[in-house]
Amino acid sequence: MNLSLNTRLKKSDKVPWRIIEGEAILVDVDRGEIIHLNEVGAESWKIIDETRKVSDIIIHIFEHFDVEEEIAEKDTLEFLGKLFKRGIIEDISR
Amino acid sequence: MKVKIAGLCFKILTDNYSKREKGVLFNYIDSQYGFFISDNKENFVIRFKKNRHSSRKATGFSVEPYKNNDDIKVIKRNNRFFVLDSYSSDNIGFIDVANSICEFNDHGNDTLQILGIPFFRLCLQFFLAKYKGFLVHACGVIYKGKGYLFPGRAGSGKTTIANMSKNLLVFSDESICIRYVNNSYIMYGVPWHNDQNTHGKLGYILFPVKSKNVSFKKIKPSTSACYIYDNIYYNIPDSTNATNTLETITEMVQTVPCYKMKFSLRDPLWEKIGNMSNDT
């Protein structure tokens with residue numbers, strides 16, 4: 001299943017995370033792996049809060065970083081899609 | 001009998017052992033953990049339980065076919081973590097952090113020799129996370145009163161660095177405990193690699209890379225945290241444990257300077273490290 005612009009997301013409860021100097025570190029406990037998000041990824045991660053949709057996150061990134069809207073949408077969808085496939089974020093649209 | 005590692009003391013209970021069996025067990029513990037025997041108040045208990053109806057047979061292996069904790073599996077049931085032998089799926093015991101108790105199932109024959117070290121190490125890891133600490137693949141050296149930690153996997157240069165530090169206090173070339181105690185990060189030796197039962201304040205974290213010359217490059221705390229987390233021992237499949245460990249590591253890398261260190265056998269390593277330390 002792919003993410004759509006209307007998908008509402010939440011962070012998995014099983015993923016501990018910390019922000020250090022604007023960057024995020026996530027622990028994928030099930031896989032025993034650590035994931036490092038740069039400033040843009042960390043900003044997206046921080047605002048995943050069960051109320052925002054994918055489209056809200058794209059707008060947030062477009063507003064906070066020097067990037068064209070089209071690129072913000074493409075990159076954010078790709079980024080969130082990777083987290084979603086790993087089970088790090090969950091679809092709570094329904 | 002009590003054993004103290006990284007400032008954490010665990011008491012060994014042997015309720016259903018005969019006097020002779022207890023003597024054999026304590027002799028074994030003494031041979032493995034002699035420098036770590038302690039009289040301190042215990043932080044947790046490891047209860048040895050003799051399983052008298054086990055059909056487990058001697059494998060013929062002698063000691064330590066296990067290279068690391070990846071050879072054991074951990075399964076959470078209710079509030080207990082059950083430890084299984086990856087190969088046979090034998091129940092080795094459980095760890096109950098909330099009640100500060102662990103239980104080791106002694107099936108006889110070679111159980112303790114083969115599984116004792118991975119089990120003890122795993123117990124320590126669970127309680128380290130609770131007491132702001134972790135166990136990491138690293139070489140640890142004291143130089144001019146400061147602790148230097150060199151984290152890295154096999155082949156990264158830990159043993160080479162230990163060999164280049166002959167006149168210094170080398171804790172280990174393989175594994176080090178770190179704990180946050182009294183506003184400082186402290187390095188501790190552990191008993192499993194002929195390591196020193198000693199400790200020292202951590203001053204620098206240097207990630208070694210074998211090279212043709214020596215250089216130091218400061219790295220971001222976020223990158224350092226990832227490198228260190230990636231080098232901790234067996235990744236315990238539990239969010240609470242991971243949260244505690246991540247918190248200790250992220251706070252540490254924001255306090256302790258971290259560098260990528262290229263080094264070569266030809267250069268005077270500690271002279272260069274001393275110069276780097278003086279410049280920062």
Side-chain angles (χ1 to χ4, degrees), chain A residues 8-52 57 60-61 64-67 72 75-76 78-92, chain B residues 68-76 81 86 97 122 125-126 129-130 132 134-137 151-153 180 205 207 218-258 260:
Chain A
R8 266 194 312 128
L9 298 168
K10 80 181 277 278
K11 298 181 182 89
S12 166
D13 296 332
K14 291 197 288 183
V15 178
W17 59 280
R18 285 284 181 280
I19 301 286
I20 310 181
E21 296 181 355
E23 299 186 338
I25 296 164
L26 284 55
V27 181
D28 185 341
V29 175
D30 289 341
R31 287 189 171 86
E33 291 173 0
I34 190 148
I35 297 159
H36 186 184
L37 305 182
N38 66 8
E39 204 182 334
V40 187
E43 189 63 33
S44 308
W45 174 257
K46 277 194 291 186
I47 64 165
I48 295 171
D49 63 354
E50 305 187 24
T51 63
R52 288 186 172 90
I57 298 168
H60 183 87
I61 294 302
H64 283 76
F65 295 93
D66 184 17
V67 62
D75 288 357
T76 306
E78 192 181 321
F79 167 74
L80 294 174
K82 281 182 188 170
L83 298 185
F84 183 69
K85 274 183 186 156
R86 294 180 71 108
I88 288 172
I89 53 176
E90 296 162 11
D91 178 359
I92 51 162
Chain B
N68 57 50
N69 278 353
D70 289 334
D71 297 305
I72 55 181
K73 284 190 293 194
V74 178
I75 297 170
K76 191 176 183 182
F81 293 88
S86 293
V97 180
L122 194 62
Q125 278 194 263
F126 268 98
K130 183 178 175 180
K132 293 186 93 58
F134 58 92
L135 179 65
V136 62
H137 290 281
R153 292 277 176 187
Y180 183 64
I205 299 171
F207 298 99
K218 192 152 196 201
I219 50 178
K220 290 189 292 188
S222 54
T223 308
S224 305
C226 290
Y227 285 164
I228 291 169
Y229 203 101
D230 199 37
N231 279 297
I232 59 173
Y233 264 71
Y234 182 75
N235 188 65
I236 293 165
D238 175 54
S239 297
T240 305
N241 192 287
T243 300
N244 291 340
T245 304
L246 182 63
E247 187 175 304
T248 304
I249 291 173
T250 52
E251 286 172 5
M252 181 181 76
V253 295
Q254 293 177 86
T255 309
V256 180
C258 302
K260 183 180 274 188

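Lettering follows sequence order; numbering is per chain, from 1.
- The local environment of NZ in B:Lys260 is sparse, with at most 12 non-hydrogen atoms from other residues, nucleotides or ligands closer than 6.0 Å.
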Present all donor-acceptor pairs from chain B to chain A with distances below 3.5 Å, rounded to 0.1 Å.
from     : atom 1 : to      : atom 2 : distance (Å)
B:Lys220 : NZ     : A:Glu23 : OE1    : 3.3
B:Lys220 : NZ     : A:Glu23 : OE2    : 2.7
B:Ser222 : OG     : A:Glu23 : OE1    : 2.4
B:Ser222 : OG     : A:His36 : NE2    : 3.2
B:Glu247 : OE1    : A:Arg18 : NH2    : 2.7

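- In this structure, CD1 on A:Ile34 lies 7.0 Å from CD1 on B:Ile249, to the nearest 0.5 angstrom.
- Applying the ring pair (Phe, Tyr, Trp, His ring centres under 6.0 Å) rule to B:Phe126 yields the partners B:Phe81; only residues at least two apart in sequence or on another chain are considered.
- Pairing each heavy atom of B:Ile236 with each of A:Val29, the nearest pair is O-CG1, 4.1 Å.
- Scanning both residues, A:Ile25 and B:Cys226, for their nearest heavy atoms gives CG1-SG, 4.0 Å.
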